Amino acid sequence: MGCGDRVHQAVQSLSRTTMYALVDGNNFYVSCERVFRPSLNNRPVVVLSNNDGCAIARSNEAKALGIKMGAPWFQIRHFEESDGLVALSANFALYGDMSDRMMSLAAGLGHRQEVYSIDESFLDLTGISGDMTLRSRKIRHRILNWIGIACGIGIGPTKTLAKLANHIAKTAERKPGSYPDHYAQVCNLCNLEPTERDALMLATEVGEVWGVGRRIGAQLKEAGIHTVLDLARLDPVMVKRRWSVVLERTVRELQGTDCIGLEHEPPAKQEIACTRSFGHAVLELSVLQEAVTEFASQAAQKLRLQNGHAGQVLTFIRTSPFRTQDLQYSRSTVVPLRRSTNDSRDISQAALLGLQAIFRPGYRYAKAGVMLLDLRPANLIQQELALEDDVADPGGSRLMQALDAVNQRFGRGTVALASAGLAGEQRQWTMKQERRTPGYTTDWDGLALVRA
DNA sequence: TCTGGGGTCCTAGGACCC
DNA sequence: TCTGGGGTCCTAGGACCC
């Protein structure tokens, strides 16, 4: 052991060594669907994005067919005939509800939890005594038994290493022989001898690392860095100079230095977006106006839900980049609000003003969206002289509360702004969803029937 | 014919201002 | 002959994540 290593160890023992777990549901959306339709077990299944556009979740059997993440449905639908592939429209209300249940059980693993995405959470295990691998297997078993979702659990001294361990745990289970079998389902990198850990890093491609995407991955390989071990052995200072401060942090995390840490509470959002691709190409301004009004009101409702105000409204429209034969057009614009607000009417008005400014006739529009920017807490209200309308209902907040309450009780879109147009089939821009499963846990009409 | 949605952070160029 | 520098805002795009 060199002098530098000894100093390093001394520093490590002074500052308590961190330990994180990452709990991640396997093929999450597909697993949620299978809980209520066991007939889907052992079959290739994909869950499709909005518009039934592309695959956003795949069962192991679907992965084995070579179906890639994000594959367009029209390119893979032949597997329906040839291999019995089942495709379902995404049912996000169901997945959100299953997620809540899974998260509450996963929380039992550590003393703090950061819910990172709908199917993943980090747990802080720092300072907990006992066998973390055993403890993780018990939690995993409980989630599988009580909720019906299979998870992979990875443990490491940094979040990036916990992510890597999680990848190993899931891959070892799905592809026997890819890693030693005992890493399947739960992989704890904190327990390993350096030679064991290096062997795992050597067996893993650099592109699997959290923070290394397609582009950076290709650049690294170009530079002769093929495995996680190659990346972990680079000099962080060189990495910062040649690539970026972001990749430097990733390298340090792979070397065991905790640079990211757990988020104690979700940070305040900086923007709220509502964007959609259309079921069919849209040419008329009037149709875009309906869609933009609807997106603006939905974004405003999200904003009210988190008790915020927005200072700016961004509107964008664009053609389909996949239709290379079409003339392309993509523009966005930001309209500042006179005063920050969460009132659907003011926000829609601003969004429509923006649309007016960027709309050009003669294009086949494929997508539009509204984003709320410059967000702040609603309690920081800028005082100004009340206008006549505002005297009875300052800021329109009582009207908006009533709107939200009605829509909460009777379903989204029961009460809407007139410029959003009529609901249902008369709208020319709504998305296709032809393969939707029932809301098994979120809708009384969707309850599963059990026959004795 | 048919290719998602919601986020974050970073960079760069042009317009404009002093 | 010789034409600054720094700041901000806007717009666009790239990279990553799930």
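Computed from a prediction, not measured in an experiment: that's the story for all the values here. Just so we're on the same page: letters track the sequence lines, and every chain starts at 1.
For A:K302, a side-chain nitrogen or oxygen approaches OP1 or OP2 of B:dG6 to under 4.0 Å. For the pair A:K269 and B:dT8, the criterion of a side-chain N or O lying under 4.0 Å from OP1 or OP2 is not met. Proximity of A:Q270 to the phosphate of B:dC9: a side-chain N or O atom is located under 4.0 Å from OP1 or OP2. The side chain of A:R323 places no N or O atom within less than 4.0 Å of a non-bridging phosphate oxygen (OP1 or OP2) of B:dT3. OP1 or OP2 of C:dA12 lies within a sub-4.0 Å distance of a side-chain N or O belonging to A:S332. Considering only side-chain N and O atoms, A:S244 lies nowhere under 4.0 angstrom from the phosphate OP1 or OP2 of C:dA15. Contact annotation: A:S277 side-chain N/O to B:dG4 OP1/OP2 distance is under 4.0 Å. Taking 4.0 angstrom as the limit, A:S330 places none of its side-chain polar atoms (N or O) nearer than this to OP1 or OP2 of C:dA12. For A:K367, no side-chain nitrogen or oxygen approaches OP1 or OP2 of B:dG6 to under 4.0 Å. For A:R215, no side-chain nitrogen or oxygen approaches OP1 or OP2 of C:dG14 to under 4.0 Å.
When the nucleotides C:dC10, C:dC18, B:dG7 are ranked by their closest atom to the side chain of A:S117, C:dC18 comes out on top.
Taking atom C1' in both C:dC16 and B:dC2, one finds a spacing of 28 Å when rounded to whole Å.
As a whole-Å value, the separation of A:F278 CZ from B:dC2 C1' is 17 Å. If you measure from atom CZ of A:R276 to atom C1' of B:dG4, you get 9 Å, rounded to the nearest angstrom. Rounded to whole angstrom, the span from the CE atom of A:M371 across to the P atom of C:dG13 amounts to 13 Å.
In this structure, A:Y29 has its ring center under 6.0 Å from that of A:Y95.
The aromatic rings of A:Y363 and A:Y329 sit parallel to each other, their planes meeting at less than 30°, with 60° as the upper class boundary.
Using N1 to N3 plus N6-O4 or O6-N4 for Watson-Crick, or N1-O2 and O6-N3 for G-U wobble, each under 3.5 Å, B:dA15 pairs with C:dT8.
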